[in-house]
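What follows is one structure encoded as structure tokens, with my remarks underneath.
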Amino acid sequence: MVLIEYPQLEVLIARIREISGFDFSGYARPSLLRRASRYLTTHKMEFPELLLHIEQGGSVVYGLIQELTVNYSEMFRDADFFMKVSTEVFTYLESYPTLRFWVAGCASGEEAYSLAIFLKEAGFLGRSLIYATDLSNKALTAAREGVFTLGNVRAFSESYLAAGGKHSLSDYYHVAYNKAVILPELRRNIVFSMHDLTGDGVFNEFQFVSCRNVMIYFTLELRQKVFRLLYDSLSMLGFLCLGKRETLRYSGLEENFKVIDSTLNIYQKIR
């Protein structure tokens with residue numbers, strides 16, 4: 001693998017910011033360093049070549065940004081999280097005439113589709129709209145298609161049942177060309193769009209926001225900025241779901257939330 005040094009990484013961050021306006025300065029350096037080194041190796045470049053390469057701007061620098069951000073997910077990831085959401089959070093939300101959900105950092109759509117399936121089983125998918133956003137246009141393109149390998153779907157099926165799924169996951173997709181394709185009735189309630197948590201602002205008010213395993217690569221200062229965005233995006237008594245690896249600690253907003261689950265880091269906005 002072609003390795004770059006931390007001073008070179010700082011040069012790269014500054015140059016990306018100057019060319020594209022996208023700012024990686026709040027991202028944790030070790031993970032950025034690994035991904036930048038992997039990019040050089042994959043594209044068979046040395047660091048000076050990379051700097052010349054991104055001077056083209058446009059799709060070239062944007063492609064680099066895509067590869068420096070992390071896009072990985074799976075359906076019903078952390079089954080206990082989905083069980084808690086379906087048994088406690090949904091119970092609270094079922095009286096709302098309309099519902100808006102936001103899956104921030106949706107990658108290729110697995111969490112958004114998981115949420116849609118459980119909303120359908122709870123009986124109120126029809127009055128719900130899920131906004132699934134990501135920084136990566138490549139990931140969003142895959143998410144909109146809703147196509148997964150049969151091998152992955154078999155693993156997803158186990159997680160679905162462990163999360164308390166009421167039927168069979170196969171009820172929610174059809175098989176075509178040896179791939180699993182999510183049914184249109186689930187996809188029509190999801191809006192996939194680009195959004196940068198670190199630079200873009202509030203775009204709607206939500207009763208439920210899930211931002212799991214996204215901010216682990218951010219510095220504390222950047223996390224605090226994103227927490228403020230998520231807080232401002234939530235309606236009063238709305239739910240913020242951070243997952244097992246994140247917490248509101250040091251966000252400066254702890255007193256504005258009630259803890260619903262301290263292990264899964266599910267919170268309800270109370271002020």
Side-chain angles (χ1 to χ4, degrees), residues 73 76-78 80-107 109-134 163-164 186 189-216 218 222-271:
S73 188
F76 300 99
R77 183 178 188 178
D78 297 328
D80 50 349
F81 167 76
F82 281 96
M83 182 171 287
K84 176 69 71 168
V85 167
S86 63
T87 56
E88 292 194 27
V89 177
F90 282 5
T91 301
Y92 184 90
L93 295 176
E94 64 183 354
S95 62
Y96 285 65
T98 59
L99 289 164
R100 289 182 298 276
F101 296 78
W102 180 16
V103 178
C106 70
E110 289 87 344
E111 181 157 347
Y113 289 122
S114 301
L115 189 57
I117 287 169
F118 269 16
L119 283 170
K120 179 174 176 57
E121 294 189 355
F124 44 95
L125 177 61
R127 51 191 167 94
S128 302
L129 189 58
I130 301 168
Y131 291 81
T133 65
D134 202 275
L186 295 175
N189 288 74
I190 306 175
V191 177
F192 290 103
S193 60
M194 191 174 296
H195 184 273
D196 175 11
L197 281 169
T198 68
D200 294 336
V202 175
F203 63 93
N204 213 321
E205 185 177 73
F206 301 93
Q207 286 76 47
F208 180 103
V209 174
S210 176
C211 186
R212 300 195 298 145
N213 302 304
V214 176
M215 289 185 281
I216 54 175
F218 296 171
L222 187 56
R223 285 202 302 272
Q224 290 174 334
K225 178 182 178 181
V226 175
F227 278 133
R228 171 54 64 174
L229 168 66
L230 300 180
Y231 171 80
D232 291 340
S233 299
L234 271 172
S235 64
M236 188 57 64
L237 301 180
F239 293 87
L240 175 62
C241 303
L242 298 177
K244 295 179 178 180
R245 300 178 68 184
E246 292 290 348
T247 174
L248 274 177
R249 192 178 302 118
Y250 308 123
S251 67
L253 297 168
E254 296 93 326
E255 64 180 23
N256 296 321
F257 287 90
K258 172 185 175 182
V259 179
I260 301 300
D261 191 293
S262 59
T263 300
L264 299 168
N265 290 302
I266 300 175
Y267 306 91
Q268 185 176 30
K269 181 176 177 177
I270 58 173
R271 61 169 61 93

Where is the tightest heavy-atom contact between [X] and [Y], given as atom of each residue plus distance?
X: Glu255; Y: Ile270; answer: O-CD1, 4.1 Å
X: Leu248; Y: Ser251; answer: O-OG, 2.6 Å
X: Ile190; Y: Leu186; answer: CG1-O, 3.6 Å
X: Arg212; Y: Phe82; answer: NH2-CE1, 3.5 Å
X: Leu197; Y: Cys211; answer: CD1-SG, 3.9 Å
X: Leu230; Y: Leu240; answer: CD1-CD1, 3.9 Å

Rounded to the nearest 0.5 Å, what separates atom [atom1] in [X] from atom [atom2] in [Y]?
X: Ile130; Y: Leu125; atom1: CD1; atom2: CG; result: 6.5 Å
X: Glu88; Y: Leu93; atom1: CD; atom2: CG; result: 12.0 Å
X: Phe118; Y: Thr87; atom1: CZ; atom2: OG1; result: 9.5 Å
X: Leu237; Y: Gln268; atom1: CG; atom2: CD; result: 5.0 Å
X: Cys106; Y: Tyr131; atom1: SG; atom2: OH; result: 14.0 Å

Going by salt bridge (charged side-chain N to carboxylate O under 4.0 Å, His left out), name the residues that satisfy it together with [X], two or more places apart in sequence or in a different chain.
X: Arg223; answer: none
X: Glu94; answer: none
X: Lys244; answer: Asp80

### Candidate pair Met194 and Asp134, rule side-chain contact (heavy atoms from CB on, under 4.5 Å), full reasoning
CA-CA 5 Å; Met194 191 174 296; Asp134 202 275; over 6 Å; no
### Message
We want to know whether Trp102 and Ser233 form a side-chain donor-acceptor pair, criterion being a heavy-atom distance below 3.5 angstrom.
### Response
no
## Note on the structure
ring-ring contact (aromatic ring centres under 6.0 Å, His included) with Phe239: of Tyr92, Phe101, Phe206, Phe208, only one passes, and it is Tyr92
For the pair [X] (side chain) and [Y] (backbone), establish whether a donor and an acceptor sit closer than 3.5 Å, ignoring hydrogens and angles.
X: Gln207; Y: Arg100; value: yes
X: Glu254; Y: Gly252; value: yes
X: Lys225; Y: Thr198; value: yes
X: Lys269; Y: Leu234; value: yes
X: Asn265; Y: Glu246; value: yes
X: Asn189; Y: Leu129; value: no
X: Gln224; Y: Tyr250; value: yes
X: Asp78; Y: Phe81; value: no
X: His195; Y: Gly201; value: yes

State, yes or no, whether a side-chain contact exists between [X] and [Y] at a heavy-atom distance under 4.5 Å.
X: Leu115; Y: Ser210; answer: no
X: Phe227; Y: Met215; answer: yes
X: Ile266; Y: Phe257; answer: no
X: Asp200; Y: Leu229; answer: no
X: Tyr267; Y: Ile260; answer: no

### Message
For Glu110, is there an ion pair with Arg77 - N to carboxylate O distance below 4.0 angstrom?
### Response
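No, no charged N to carboxylate O under 4.0 Å.
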### Task
Measure from NZ or CZ of Arg127 to the centre of the six-membered ring of Tyr96 and say whether it is under 6.0 Å with the direction within 45° of the ring axis.
no
### Task
Answer yes or no: does atom CZ of Arg249 have more than 12 heavy-atom neighbours from other residues, nucleotides or ligands under 6.0 Å?
no
#### Entry: Full working for ring pair (Phe, Tyr, Trp, His ring centres under 6.0 Å) between Tyr113 and Phe192
CA-CA 11 Å; Tyr113 289 122; Phe192 290 103; 5.7 Å; yes
